[in-house]
Amino acid sequence: MPTREMLFSHGAALLRMSGITFSSLCLLVYLLQENIATILVLENRDLQDSIKPQKVEFRSLNFNNTLHWQPGRAREARDTVYFVQYKVYGQSTWQTKADCWGIQNHVCDLTNETSDIQEPYYGRVKAASAGVYSSWSLSCRFTPWRETVIGPPTLAVVHSSRSIIVKLQAPCSPYKRKRGSKIPMTNYYDLLYQVFVINNLLDKQHKVLVYEGKHKVIKLEDLRPGVSYCIMAKTYVPMLDRSSAYSSRQCTMLQ
């Protein structure tokens, strides 16, 4: 029975007869392996880039602060999951949000992690699919106090024969006092209320500003009996020159 050494020697002789040296064959195999490895690396890198999350941004309403993103340019696979971290501007260490680690949603609630409303924060997201991880996608700097959207006040309307009493209540933050009640946004901003009246007899779309100030109870007088009026309100922050959206309409018919 031929030994391994004999087979090796015989194979080398055949290669020499074909004009191919053993060293040349080794080099050819090495180059093929290198090319295959390069192709795999490039394909892996392309997949990493294609699943990388896009448009990472904070959105905030009354200090309810959430991080949002969109899938990468590749069609999102069923097994695609996302990982979220955050940090305060200037810190070197990123913090992991445990509830947003390996999730399939495109939003992560960071309200509690960004509760110091004067601090600037960053968030970042990466994706994983088929065992491949993208690089991180970074949000812009986010400062809750400056960038949160303040909602409109809630209002209640009580009418008499020729007047309407409007009761206003500021929107609340998600943060609570020691007794458990939510802290209103008036604790963080010098808010003004803007009250608008729509006379449905004249124009159902035309809003007239009838009050701007800090009072929570407003009495609108000298109104016409038998006419339907609708009341809407906004909050306004003079320091930031920013108004909220309109509240829902509260309509009433004077007797």
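We use all heavy atoms of the structure for the numbers below, so side chains are in, but hydrogens, waters and symmetry mates are not.
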Asker: Considering only residues two or more places apart or on different chains, which pairs with a residue in residues 185-194 satisfy side-chain hydrogen bond (donor to acceptor under 3.5 Å, both in side chains)?
Answerer: Asp190-Lys214, Gln194-Glu212
Asker: With rounding to the nearest 0.5 Å, note down the distance linking CH2 in Trp69 to SG in Cys108.
Answerer: 5.5 Å
Asker: Specify the closest pair of heavy atoms between Pro174 and Thr111, including all atoms of both residues, with the distance to one decimal.
Answerer: CG-CG2, 3.5 Å
Asker: Who passes disulfide (SG to SG under 2.5 Å) against Cys172, sequence neighbours left out?
Answerer: none
Asker: Do Ile51 and Ser129 come close enough that some side-chain heavy atom pair is under 4.5 Å?
Answerer: yes
Asker: Give the minimum heavy-atom separation between Leu61 and Gly151, together with the two atoms involved.
Answerer: CD1-N, 4.0 Å
Asker: Is the ring pair Phe58/Phe142 parallel, tilted or perpendicular, if the boundaries are 30 and 60 degrees?
Answerer: parallel
Asker: Starting from the C-alpha separation in whole Å, work towards a yes-or-no answer on side chain to side chain contact (heavy atoms under 4.5 Å, CB included) for Ile218 and Ile165.
Answerer: CA-CA 6 Å; Ile218 312 299; Ile165 296 176; over 6 Å; no
Asker: Backbone N or O of Thr235 within a donor-acceptor pair of the Ser244 side chain at under 3.5 Å?
Answerer: yes
Asker: Taking a hydrophobic cluster as the set of Ile, Leu, Val, Met, Phe, Trp and Tyr residues connected by side-chain heavy atoms closer than 4.5 Å, whether directly or through intermediates, do Val210 and Ile231 fall within one such cluster?
Answerer: yes
Asker: Does any N or O in the side chain of Gln104 come within less than 3.5 Å of the main-chain N or O of Arg78, such that one atom is a donor and the other an acceptor?
Answerer: yes
Asker: Examine distances only and state if a side-chain atom of Tyr229 and a backbone atom of Arg224 form a donor-acceptor pair shorter than 3.5 Å.
Answerer: yes
Asker: Taking Glu147 for its side chain and Thr143 for its backbone only, find out whether a donor-acceptor pair lies under 3.5 Å.
Answerer: yes
Asker: Between Phe83 and Gly102, which heavy-atom pair has the shortest distance, and what is it?
Answerer: CD2-N, 3.4 Å
Asker: For Leu192 and Pro238, which heavy atoms make the closest approach, and how far apart are they?
Answerer: CD1-CG, 3.7 Å
Asker: Compute the ring centroids of Phe196 and Tyr246, then answer whether they are less than 6.0 Å apart.
Answerer: yes
Asker: Mind checking the OG-CZ spacing from Ser50 to Arg73? Nearest 0.5 Å is all I need.
Answerer: 5.5 Å
Asker: Would a hydrophobic clustering, with Ile, Leu, Val, Met, Phe, Trp and Tyr connected at side-chain separations under 4.5 Å, put Val197 with Leu155?
Answerer: yes
Asker: Let me see the working for Lys126 and Tyr133 under side chain to side chain contact (heavy atoms under 4.5 Å, CB included), right down to the final yes or no.
Answerer: CA-CA 7 Å; Lys126 70 177 178 180; Tyr133 289 78; 4.3 Å; yes
Asker: Is the shortest side-chain N to carboxylate O distance from Arg162 to Glu221 below 4.0 Å?
Answerer: no
Asker: Around atom CZ of Arg177, are there more than 12 heavy atoms of other residues, nucleotides or ligands at under 6.0 Å?
Answerer: yes
Asker: Would you mind reporting whether Val56 and Leu67 have side-chain heavy atoms less than 4.5 Å apart?
Answerer: yes
Asker: Looking at every non-hydrogen atom in both residues, tell me the closest pair between Met185 and Thr148 and how far apart they are.
Answerer: CE-CG2, 4.4 Å
Asker: For Arg146, I'd like to know if atom CZ has over 12 heavy atoms of other residues, nucleotides or ligands within 6.0 Å.
Answerer: no
Asker: What do you reckon, is CD of Gln91 surrounded by more than 12 foreign heavy atoms closer than 6.0 Å?
Answerer: yes
Asker: Identify the residue among Gln54, Lys52, Arg124, Gln70 that makes a side-chain contact (heavy atoms from CB on, under 4.5 Å) with Ser137.
Answerer: Lys52
Asker: Considering all heavy atoms of both residues, which atom of Ser134 and which atom of Pro53 are nearest to each other, and what is their separation?
Answerer: OG-CD, 3.7 Å
